[in-house]
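Report on the following structure.
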Amino acid sequence: MIIFGTRSYLQRLAMITLLCAVCGNPAAHTLRKRVVKFTLFFVPLFPISTKYSTQCTFCGAEHALPKEQAEQLRAQGAVQPPAQPQQGAPAPQGHGQGGQHSPYQN
């Protein structure tokens, strides 16, 4: 008796802010990689297919991507600078600064 089949693995590669083609909102998109592997006796042996896609976190729409475009988006997501505080917004007060203390902070 031989038991064989396939198993799908889903891996999140990056979170990227893009303009959604379906809802039109600039929202975070999850860049994902799905790999389907052949299994023998429930042991994954080798990949059968690999697909890349993005999914909008606002509306849930999913779009397939070629590997080259997925690698470019992943590289862009890794290089994005951290968010800068807006001008005119007060800086967050640290613990003990300015005499203000929240009862919920330790």
Side-chain angles (χ1 to χ4, degrees):
M1 183 165 129
I2 297 176
I3 300 172
F4 64 93
T6 61
R7 182 166 183 187
S8 180
Y9 296 90
L10 190 61
Q11 181 181 15
R12 186 174 74 185
L13 300 176
M15 290 294 287
I16 307 165
T17 302
L18 299 172
L19 185 64
C20 183
V22 176
C23 65
N25 290 312
H29 285 67
T30 306
L31 179 62
R32 299 193 284 179
K33 176 181 175 181
R34 181 180 304 272
V35 179
V36 178
K37 292 187 176 184
F38 176 78
T39 61
L40 183 63
F41 294 106
F42 306 104
V43 177
L45 296 177
F46 55 88
I48 295 174
S49 73
T50 302
K51 296 180 181 179
Y52 296 88
S53 65
T54 58
Q55 183 176 20
C56 178
T57 57
F58 189 80
C59 68
E62 190 169 346
H63 296 283
L65 298 174
K67 181 179 179 179
E68 295 79 24
Q69 188 176 4
E71 293 299 325
Q72 287 176 351
L73 286 174
R74 185 175 183 188
Q76 281 180 345
V79 179
Q80 287 181 349
Q84 298 292 328
Q86 295 179 355
Q87 289 205 1
Q93 296 285 327
H95 186 71
Q97 291 180 344
Q100 295 180 1
H101 180 357
S102 172
Y104 301 107
Q105 292 178 343
N106 290 332

> For the atom pair CG (Leu45) and OG1 (Thr39), what is the distance rounded to the nearest 0.5 Å?
Replying inline: 7.5 Å

> Any chance OH of Tyr9 has more than 12 other-residue heavy atoms, nucleotides or ligands included, within less than 6.0 Å?
Replying inline: yes

> Among the clusters formed by ILVMFWY side chains lying less than 4.5 Å apart, do Met15 and Leu10 turn up in the same one?
Replying inline: no

> Could you go step by step and tell me if Ile16 and Thr54 meet the side-chain contact (heavy atoms from CB on, under 4.5 Å) rule?
Replying inline: CA-CA 9 Å; Ile16 307 165; Thr54 58; 5.9 Å; no

>> Between Thr6 (side chain only) and Val36 (backbone N and O only), is there a donor and an acceptor less than 3.5 Å apart?
In response: no

> Got more than 12 heavy atoms from elsewhere within 6.0 Å of CZ, Phe42?
Replying inline: no

> Below 4.5 Å, heavy atoms only, C-beta onward: do Lys67 and Thr50 meet side chain to side chain?
Replying inline: no

> Hey, what do you get for CD (Gln76) to CD (Gln72), rounding to the nearest 0.5 Å?
Replying inline: 7.0 Å

> If every non-hydrogen atom of Thr57 is compared with every non-hydrogen atom of Ala27, which pair is closest and at what distance?
Replying inline: OG1-CB, 4.4 Å

> Under 3.5 Å, is there a donor-acceptor pair between the Ser53 and Arg34 side chains?
Replying inline: no

> For the atom pair NZ (Lys33) and CG (Leu65), what is the distance rounded to the nearest 0.5 Å?
Replying inline: 13.5 Å

> Out of curiosity, Asn25 CG to Thr17 OG1, how far, rounded to the nearest 0.5 Å?
Replying inline: 12.0 Å

>> Given Gln55, which partner from the list Glu62, Arg32, Arg12 fulfils the side-chain hydrogen bond (donor to acceptor under 3.5 Å, both in side chains) test?
In response: Arg32

> Which heavy-atom pair separates Leu19 from Gly24 by the least distance, and what is that distance?
Replying inline: CD1-O, 3.2 Å

>> Is the shortest side-chain heavy-atom distance between His29 and Leu31 below 4.5 Å?
In response: no

> Closest heavy-atom contact between Pro47 and Val35?
Replying inline: CB-CG1, 3.9 Å

>> Quick one, Gln69 and Tyr52 - any side-chain contact, counting heavy atoms below 4.5 Å?
In response: no

> So does Phe58 have more than 12 non-hydrogen atoms from other groups sitting under 6.0 Å from CZ?
Replying inline: no

